[in-house]
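Residue numbers begin at 1 in each chain, while the letters A, B, ... track the order of the sequences.
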2 protein chains.
Amino acid sequence: MKKIDILKKLRSSGLRPTKQRVEIAKFLFEREKTFHFTVESLNKLLTKKSTSKISLATIYNSVHSFKAAGHLSEVEVRGNRTYFDTNVSNHHHFYDSETAELIDIDANDIIIQKIPKAPNGKKIKNVEVFINLKN
Amino acid sequence: MKKIDILKKLRSSGLRPTKQRVEIAKFLFEREKTFHFTVESLNKLLTKKSTSKISLATIYNSVHSFKAAGHLSEVEVRGNRTYFDTNVSNHHHFYDSETAELIDIDANDIIIQKIPKAPNGKKIKNVEVFINLKN
DNA sequence: TTTTCACTTTAGAATAATTATAAACTAGAA
DNA sequence: TTCTAGTTTATAATTATTCTAAAGTGAAAA
Ligand SMILES: [Mn+2]
Ligand SMILES: [Mn+2]
Ligand SMILES: [Zn+2]
Ligand SMILES: [Zn+2]
């Protein structure tokens with residue numbers, strides 16, 4: 001994804017492409033593979049990589065804006081911190097608690113044969129499979 | 001589960017059956033169905049139910065002790081608070097975000113037909129299925 | 001091009017959940 | 001009954017996150 005596309009991505013979702021948002025968006029979206037991160041880890045990586053300092057509040061703001069725009073999803077991981085995911089399609093995860101690392105599993109790589117029906121009056125919104133790993 | 005069994009349960013896991021632990025354990029374990037809770041919700045319910053006040057720190061301590069002893073499990077739910085579960089067997093959950101309520105799914109009620117193999121050097125510890133509900 | 005202003009960034013304060021501290025208390029062994 | 005390691009408790013500390021409000025800026029309009 002090139003810079004022009006980043007600008008399009010931001011503008012098309014109503015996000016003014018500020019210096020900070022463009023820098024964060026380039027870091028997050030100009031990559032081949034899925035990127036899983038916490039705000040803390042993103043902050044560290046951006047600080048290391050870039051010369052211009054982006055405040056932590058802006059990183060929180062930007063990540064939340066990107067999520068609201070559908071450019072990021074949130075993954076539920078054990079622990080106190082929120083994980084985000086550049087893969088916004090329906091998919092599943094391996095989780096390696098040794099390294100606190102998430103690994104994507106394509107939705108098609110898991111087939112559920114039997115599933116209970118939703119309780120009275122409710123419907124199934126989505127199914128998340130989380131596979132914990134050990135050594 | 002009767003009081004005598006609560007005492008056994010605590011003692012057999014090396015937990016001295018103090019007044020507070022017995023009261024919390026009775027509240028948690030003397031019931032037919034699984035109970036899902038946060039420390040905050042447990043604190044509210046105990047305050048309502050009982051005459052003797054148990055400090056919040058003790059509720060945290062007790063819940064952690066019970067978890068360490070294998071009498072409670074932790075469930076990962078979206079949001080900032082930790083959920084605990086009196087069902088310590090391998091099982092799955094429905095989650096109703098409207099009511100913030102977890103509903104147990106027996107491990108046998110979900111059959112996974114196809115699953116990817118674990119990454120190099122890793123093994124699968126366990127598989128958790130989380131089914132989000134909508135109306 | 002300059003003006004204008006709603007949107008954005010930012011430092012720092014506030015909040016919320018949880019954990020740590022350390023003094024007082026107590027279950028139960030001796 | 002005495003003794004003490006384990007426990008409870010009030011309160012402080014910590015951590016992640018959100019809020020606040022002042023200063024800055026992108027981009028539409030003049
Ligand atoms: Mn979490
Ligand atoms: Mn959680
Ligand atoms: Zn992912
Ligand atoms: Zn459960």
Side-chain angles (χ1 to χ4, degrees), chain A residues 3-4 6-27 36-47 50-69 71-72 74-84 100, chain B residues 3-4 6-27 36-47 50-69 71-72 74-84 100:
Chain A
K3 185 174 181 180
I4 182 66
I6 290 287
L7 294 184
K8 267 188 201 157
K9 185 168 193 137
L10 294 178
R11 271 198 254 269
S12 69
S13 42
L15 297 171
R16 187 185 291 180
T18 62
K19 189 160 72 72
Q20 292 86 343
R21 281 183 180 157
V22 171
E23 186 168 332
I24 297 170
K26 285 177 68 178
F27 185 80
H36 299 105
F37 62 96
T38 64
V39 169
E40 194 199 7
S41 71
L42 176 60
N43 185 40
K44 278 209 185 92
L45 291 167
L46 282 172
T47 303
S50 139
T51 49
S52 55
K53 176 191 158 52
I54 300 177
S55 83
L56 186 58
T58 296
I59 297 180
Y60 271 102
N61 289 340
S62 300
V63 165
H64 288 154
S65 301
F66 295 167
K67 187 194 167 192
H71 303 317
L72 288 175
E74 199 178 320
V75 187
E76 205 38 56
V77 179
R78 184 119 338 162
N80 30 325
R81 284 179 309 194
T82 306
Y83 277 72
F84 294 92
Chain B
K3 186 176 180 179
I4 181 66
I6 289 288
L7 295 184
K8 266 188 201 155
K9 185 168 192 137
L10 294 178
R11 270 198 255 269
S12 68
S13 43
L15 297 170
R16 187 186 291 179
T18 62
K19 189 160 73 72
Q20 292 86 344
R21 282 184 180 155
V22 171
E23 187 169 330
I24 298 170
K26 284 177 68 177
F27 184 80
H36 299 106
F37 63 96
T38 64
V39 169
E40 193 199 8
S41 71
L42 176 60
N43 186 40
K44 279 211 185 91
L45 291 167
L46 282 171
T47 303
S50 141
T51 49
S52 55
K53 175 191 159 50
I54 299 176
S55 84
L56 186 59
T58 297
I59 296 180
Y60 271 103
N61 288 341
S62 299
V63 165
H64 288 154
S65 300
F66 295 167
K67 187 194 166 193
H71 303 318
L72 289 175
E74 199 178 318
V75 187
E76 203 41 53
V77 179
R78 183 120 338 164
N80 28 328
R81 282 179 310 194
T82 305
Y83 277 73
F84 294 92

Can you list the steps and then say if T58(B) with S55(B) is a side chain to side chain donor-acceptor pair (under 3.5 Å)?
CA-CA 5 Å; T58(B) 297; S55(B) 84; 3.1 Å; yes

Expected string for nucleotides 24-30 of chain C under the B/S/- scheme (protein heavy atoms, under 4.0 Å, primed atoms plus P, OP1, OP2 as sugar-phosphate) is --BBS--

Backbone N or O of I59(A) within a donor-acceptor pair of the S62(A) side chain at under 3.5 Å?
no

note: N61(A), atom CG; dT8(C), atom P; distance rounded to Å ~ 9 Å

If the cut-off is 4.0 Å, is T58(A) near the phosphate of dT9(C), judged by side-chain N/O to OP1 or OP2?
no

Would you mind telling me which residue lines up with the more 5' stretch of DNA chain C, L56(B) or K53(A), judged by nearest nucleotide?
K53(A)

Would you confirm whether S41(A), through its side chain, and F37(A), through its main-chain N or O, come within 3.5 Å as a donor-acceptor pair?
no

Output yes when a side-chain donor or acceptor of R21(B) lies under 3.5 Å from a complementary backbone atom of R16(B), and no otherwise.
yes

If I compare all heavy atoms of P17(A) with all of L7(A), which pair ends up nearest, and what's the gap?
CB-CD2, 3.6 Å

Please answer whether the main-chain N or O of V39(B) pairs with a side-chain N or O of N43(B) as donor and acceptor at a distance below 3.5 Å.
no

Span of DNA chain D in contact with chain B (heavy atoms, under 4.0 Å):
dA5(D) to dA10(D)

Rounded to the nearest Å, what distance is computed from the NE2 atom of residue H64(A) to the C1' atom of nucleotide dT10(C)?
17 Å

Let's go through S50(A) and E23(A) carefully: what are the C-alpha distance in whole Å and the side-chain angles of both, what is the deciding distance for side chain to side chain donor-acceptor pair (under 3.5 Å) to 0.1 Å, and is it a yes or a no?
CA-CA 9 Å; S50(A) 139; E23(A) 186 168 332; 2.6 Å; yes

Minimum heavy-atom separation for I24(A) and L46(A), please, with both atom names.
CG1-CD1, 3.8 Å

Of G14(A) and T38(B), the one whose closest DNA chain C nucleotide lies more 5'
G14(A)

Would you mind telling me which residue lines up with the more 5' stretch of DNA chain D, V39(A) or I54(B), judged by nearest nucleotide?
I54(B)

